[in-house]
Participant: 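Here it is, the structure, as structure tokens.
As the structure is a prediction and not an experimental result, all values here were calculated from the model.
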Amino acid sequence: DEDDEPGAEAAKMWPFLSPLDESLGSITAGEAWPFAPQLDDDTVVKNLRVQTPLDLALLAGSVAQIPEGHDRALVLEQLQSPHSESLLPRCSAAVLATLVRGLGGLPLGAGLEGLLAKAAAELLQRNPRQARHVTPLLGIFGKQDGQGKLLLAPLPVLRLAVQSMNGKGAEPLALDDAVASLEGLARLRQAAFDAEVDALVGEAAGCL
């Protein structure tokens, strides 16, 4: 009977969870996760596959919370795959912002600087107008790729950020986004760019 298969009862209780959701929950919550007793290691690995832009967002948003070790290495391997990069043009601005936010929280050397740079460039190309989609770009100011090159040129991002945060009816930001943005602006100011960048840094900081 299929109802006797591991995970069948859990799937009935929580039909809104995808297999990838279940595996991420098992990794991040451990024994506290109700599906943990029903997911063996092989199932966890099998489910950790990026197939859609939403899968990419889920992994990028979770990887920083996964402790160093085997499980984190599995997630990093999926994010580093060529397939993950190929999904970027299909991602919405919201998904791209989640990618930039999640990957930007990782330490240098995690091996995802290339994906982060491409996700940030794709997001900037969309010319997003909502502050919550722009501020993750502020949060990665001053961060470099593996060759010591800055991930982002500051002027286009600063102009877009000031515009999105100064508009009529601009939305309030989540505290984490505001803090990460201020930290990015502080790194940028220390880098001593030209007067226009310095002025826009001050203006963007005043909007947060």
Side-chain angles (χ1 to χ4, degrees), residues 53-54 56-66 76 79-80 84-85 87-208:
L54 183 56
L56 193 56
L58 284 169
L59 288 183
S62 303
V63 65
Q65 278 72 52
I66 300 173
L76 290 174
L79 289 170
Q80 290 164 346
S84 291
E85 187 177 311
L87 289 174
L88 293 178
R90 292 172 46 195
C91 292
S92 66
V95 167
L96 290 168
T98 299
L99 282 172
V100 173
R101 186 182 295 111
L103 300 179
L106 292 172
L108 187 65
L112 293 172
E113 293 82 12
L115 182 63
L116 173 58
K118 288 177 181 176
E122 184 75 29
L123 178 57
L124 186 59
Q125 188 177 356
R126 305 290 179 86
N127 199 30
R129 298 297 179 182
Q130 292 181 292
R132 69 176 182 271
H133 296 157
V134 179
T135 50
L137 296 172
L138 298 180
I140 63 170
F141 271 154
K143 298 204 171 183
Q144 301 175 341
D145 61 17
Q147 284 72 49
K149 181 182 176 183
L150 289 177
L151 293 177
L152 280 177
L155 270 178
V157 178
L158 287 169
R159 289 168 179 156
L160 191 59
V162 169
Q163 186 178 11
S164 68
M165 292 188 289
N166 267 338
K168 187 177 278 189
E171 60 192 339
L173 292 173
L175 179 59
D176 287 350
D177 276 345
V179 170
S181 296
L182 287 169
E183 290 174 345
L185 290 171
R187 287 193 297 270
L188 189 60
R189 174 159 277 174
Q190 289 173 354
F193 281 88
D194 60 34
E196 184 180 4
V197 168
D198 197 52
L200 285 170
V201 166
E203 190 173 352
C207 295
L208 291 166

Participant: Apply the test side chain to side chain contact (heavy atoms under 4.5 Å, CB included) to residues L103 and L79: give CA-CA distance (whole Å), side-chain angles for both, the deciding distance (0.1 Å), then the verdict.
Facilitator: CA-CA 10 Å; L103 300 179; L79 289 170; 4.2 Å; yes
Participant: Looking at A97 and R132, what are the two nearest heavy atoms and their distance?
Facilitator: CB-O, 4.1 Å
Participant: Under 4.0 Å between a Lys/Arg side-chain N and an Asp/Glu carboxylate O for R101 and D177?
Facilitator: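 Salt bridge: yes.
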Participant: Quick check: closest heavy atoms across L124 and P156, and the distance to 0.1 Å?
Facilitator: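 Shortest heavy-atom separation between L124 and P156 comes out as CD2-CB, 4.1 Å.
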Participant: Measure across P154 and V197 and return the closest heavy-atom pair with its distance rounded to 0.1 Å.
Facilitator: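 P154 and V197 have their closest heavy atoms at CG-CG2, 4.3 Å.
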Participant: Flag the pair R159 / L200 as yes when at least one side-chain heavy-atom distance between them is below 4.5 Å, and no otherwise.
Facilitator: yes
Participant: Should E122 and K118 count as an ion pair when the cut-off is N to O under 4.0 Å?
Facilitator: no
Participant: Test your reading of the model: is there a side-chain donor-acceptor pair from R129 to the backbone of V134, 3.5 Å cut-off?
Facilitator: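 No, because the side chain of R129 does not come within donor-acceptor range (under 3.5 Å) of the backbone of V134.
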Participant: Quick one: pull up CG in N127 and NE2 in H133 and give me the separation to the nearest 0.5 Å.
Facilitator: 13.0 Å
Participant: Could you list the residues that satisfy side-chain hydrogen bond (donor to acceptor under 3.5 Å, both in side chains) with D176, not counting sequence neighbours?
Facilitator: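 side-chain hydrogen bond (donor to acceptor under 3.5 Å, both in side chains) list for D176, sorted by chain: empty.
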Participant: Got a sec, which pairs hit side chain to side chain donor-acceptor pair (under 3.5 Å) with one end in residues 198-208, sequence neighbours left out?
Facilitator: N166-E203, R189-D198
Participant: What closest approach, in Å, do L158 and A204 show between heavy atoms, and which atom pair accounts for it?
Facilitator: CD2-CB, 4.4 Å
Participant: Do the side chain of S181 and the main chain of T135 share a donor and acceptor less than 3.5 angstrom apart?
Facilitator: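 Answer holds: yes.
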Participant: Which atom names give the shortest non-hydrogen contact between L99 and A60, and what distance separates them?
Facilitator: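 Minimum heavy-atom separation between L99 and A60: CD2-CB, 3.3 Å.
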Participant: When rounded to the nearest 0.5 angstrom, what distance separates CG in L160 from CE in M165?
Facilitator: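 Answer rounded to 0.5 Å: 9.5 Å.
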Participant: Taking the side chain as C-beta and beyond, is there a heavy-atom pair between L115 and L88 under 4.5 Å?
Facilitator: yes
Participant: State the CG-CD1 distance between L188 and I140, to the nearest 0.5 angstrom.
Facilitator: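 Separation between the atoms: 11.5 Å.
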Participant: Could you tell me whether the side chain of L87 reaches within less than 4.5 Å of the side chain of V95, counting heavy atoms only?
Facilitator: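 They are not in contact (no side-chain heavy atoms under 4.5 Å apart), so the answer is no.
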Participant: Would you find a donor on one side and an acceptor on the other, under 3.5 Å apart, between the side chain of S164 and the backbone of A161?
Facilitator: yes
